[in-house]
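Inspection log for the structure reproduced underneath, given as structure tokens.
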Amino acid sequence: MEKIIEIYTDGACSGNQFKENSGGWGAVLLWGPRRKEIYGGEENTTNNRMELTACIKALDAVKQKDFKIIIYSDSSYIVNCFNNRWYVKWEKNGWKNSRKEPVENKDLWIKLLKQFREFDVKFVKVKGHSGIELNEEADRLANKGMNEFVVQSGAD
């Protein structure tokens with residue numbers, strides 16, 4: 001029987017358009033009868049950074065490499081990168097995008113690509129805020145991480 005871990009991830013950012021803001025990330029990991037929920041927050045971030053961080057933190061939580069991993073994300077940014085292999089061109093072009101500009105969030109992409117190559121990972125796009133229970137739970141965790149971070153840091 002194939003060993004599979006399913007992961008639902010999401011990111012959130014309050015004040016995404018402002019330099020000073022807060023964001024959060026959340027993930028739900030499922031394997032067999034087990035379930036693990038993780039979340040956290042950061043200041044001065046973006047929604048895309050939080051989406052990437054959710055994937056990275058979720059894969060950090062996986063301790064065995066012999067599982068097939070399916071990551072469900074409502075982020076077209078992430079899913080399209082892997083399913084359309086954007087990262088191949090980015091690396092080939094010295095981390096420049098199709099407009100010859102530096103790829104945003106390069107630091108996080110490098111971390112996630114390293115993990116992607118260490119594990120057997122498949123990315124699946126889900127529609128956000130559409131009633132998919134575990135995607136909604138990942139969203140709730142991302143907002144919890146953001147809200148707890150705002151309280152802890154005293155940020156507004």
Side-chain angles (χ1 to χ4, degrees), residues 1-18 20-87 90-91 103-153 155:
M1 186 164 130
E2 189 173 35
K3 297 181 349 181
I4 297 175
I5 297 175
E6 294 182 298
I7 302 173
Y8 286 79
T9 63
D10 205 5
C13 188
S14 177
N16 196 44
Q17 68 275 26
F18 301 112
E20 292 187 15
N21 61 31
S22 60
W25 56 268
V28 179
L29 295 83
L30 305 167
W31 66 105
R34 296 180 186 95
R35 175 180 173 135
K36 182 173 187 168
E37 297 179 355
I38 59 175
Y39 65 92
E42 292 181 14
E43 65 180 346
N44 304 330
T45 190
T46 66
N47 192 68
N48 282 339
R49 286 190 71 80
M50 293 295 89
E51 295 279 0
L52 286 161
T53 299
C55 292
I56 291 165
K57 296 291 189 178
L59 290 172
D60 281 347
V62 176
K63 301 304 179 200
Q64 297 178 0
K65 305 260 193 260
D66 59 340
F67 282 87
K68 177 178 181 158
I69 299 172
I70 303 170
I71 296 179
Y72 298 92
S73 174
D74 60 15
S75 170
S76 296
Y77 180 57
I78 292 172
V79 175
N80 288 340
C81 175
F82 287 99
N83 292 347
N84 297 327
R85 299 176 46 87
W86 294 348
Y87 62 91
W90 291 346
E91 289 176 315
V103 171
E104 289 186 28
N105 307 309
K106 175 184 169 185
D107 59 328
L108 296 179
W109 281 117
I110 288 172
K111 286 180 188 177
L112 186 54
L113 276 169
K114 182 177 186 290
Q115 292 172 314
F116 176 73
R117 290 172 171 139
E118 290 174 358
F119 291 100
D120 178 7
V121 183
K122 176 183 176 185
F123 287 86
V124 175
K125 176 78 168 75
V126 295
K127 186 172 182 181
H129 310 288
S130 64
I132 299 169
E133 180 184 346
L134 293 172
N135 181 252
E136 298 289 347
E137 184 64 17
D139 179 66
R140 185 188 69 73
L141 290 166
N143 280 287
K144 182 176 181 180
M146 178 176 58
N147 292 335
E148 285 184 9
F149 185 80
V150 169
V151 170
Q152 289 174 5
S153 69

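By convention here, the first residue in the shown sequence is residue 1.
Electrostatic pairing of E136 and R140 does not count as a salt bridge here, judged by no charged N lying under 4.0 Å from a carboxylate O. Salt-bridge check for K57 with E42: failed, with every basic side-chain N at 4.0 Å or more from each acidic carboxylate O.
Taking 4.5 Å as the limit, some side-chain heavy atom of I78 sits within range of a side-chain heavy atom of W109. Between F119 and L59, some side-chain heavy-atom pair lies under the 4.5 Å cut-off. With a 4.5 Å cut-off on side-chain heavy atoms, K127 and D74 do not count as touching. Residues T45 and T53 have side chains not in contact (no heavy-atom distance under 4.5 Å, counting atoms from C-beta outward). A heavy-atom distance below 4.5 Å is not found between the side chains of K3 and W31.
Checked against the 6.0 Å centroid threshold, Y87 and F82 count as a close aromatic pair.
Summarising the geometry of M50 relative to G23, their closest heavy-atom pair is SD-C, 3.6 Å, with the distance given to 0.1 Å. Pairing each heavy atom of L141 with each of I38, the nearest pair is CD1-O, 4.0 Å. Pairing each heavy atom of Y77 with each of E104, the nearest pair is OH-O, 3.3 Å. Residues G11 and N47 approach most closely at O-OD1, 3.2 Å, considering heavy atoms. Minimum interatomic distance between G41 and W25 (heavy atoms only, all atoms of both residues): N-NE1, 3.9 Å. Taking every heavy atom of both residues into account, A27 and A54 meet most closely at CB-O, 4.2 Å.
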request  = Go through the steps to decide whether Y72 and N135 satisfy the test side-chain contact (heavy atoms from CB on, under 4.5 Å), and finish with yes or no.
outcome  = CA-CA 8 Å; Y72 298 92; N135 181 252; over 6 Å; no
key: Pair V79-V124, side-chain contact (heavy atoms from CB on, under 4.5 Å): steps then yes or no   = CA-CA 6 Å; V79 175; V124 175; over 6 Å; no
request  = Determine, stepwise, if the pair K125 / N83 fulfils side-chain contact (heavy atoms from CB on, under 4.5 Å).
outcome  = CA-CA 10 Å; K125 176 78 168 75; N83 292 347; 5.9 Å; no
ask   = Can you check side-chain contact (heavy atoms from CB on, under 4.5 Å) on E37 and K144, steps first, answer last?
value = CA-CA 12 Å; E37 297 179 355; K144 182 176 181 180; over 6 Å; no
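More than 12 heavy atoms of other residues, nucleotides or ligands sit less than 6.0 Å from atom CZ of R117.
Rounding to the nearest 0.5 Å places SG of C81 at 4.0 Å from CH2 of W90. For the atom pair CD1 (I7) and CD1 (I70), the distance works out to 10.0 Å, reported to the nearest 0.5 Å. Here the CZ atom belonging to F116 is positioned 11.0 Å from the CD1 atom belonging to I69, to the nearest 0.5 angstrom. Between atom CD of residue E118 and atom NZ of residue K65 there is a gap of 4.5 Å, rounded to the nearest 0.5 Å. Between atom OG1 of residue T46 and atom CG of residue L52 there is a gap of 8.0 Å, rounded to the nearest 0.5 Å. Here the straight-line distance linking atom CD of E6 with atom CG of L29 works out to 10.5 Å at 0.5 Å rounding.
In summary, of the residues considered (E51, R49, K111), a side-chain hydrogen bond (donor to acceptor under 3.5 Å, both in side chains) with N105 occurs for R49 alone.
Side-chain atoms of D120 do not come within 3.5 Å of backbone N or O of F67 as any donor-acceptor pair. The main-chain N or O of I56 is found under 3.5 Å from a side-chain atom of Q115 such that the two form a donor-acceptor pair. Without hydrogens or angle criteria, N143 side chain to D139 main chain gives a donor-acceptor distance under 3.5 Å.
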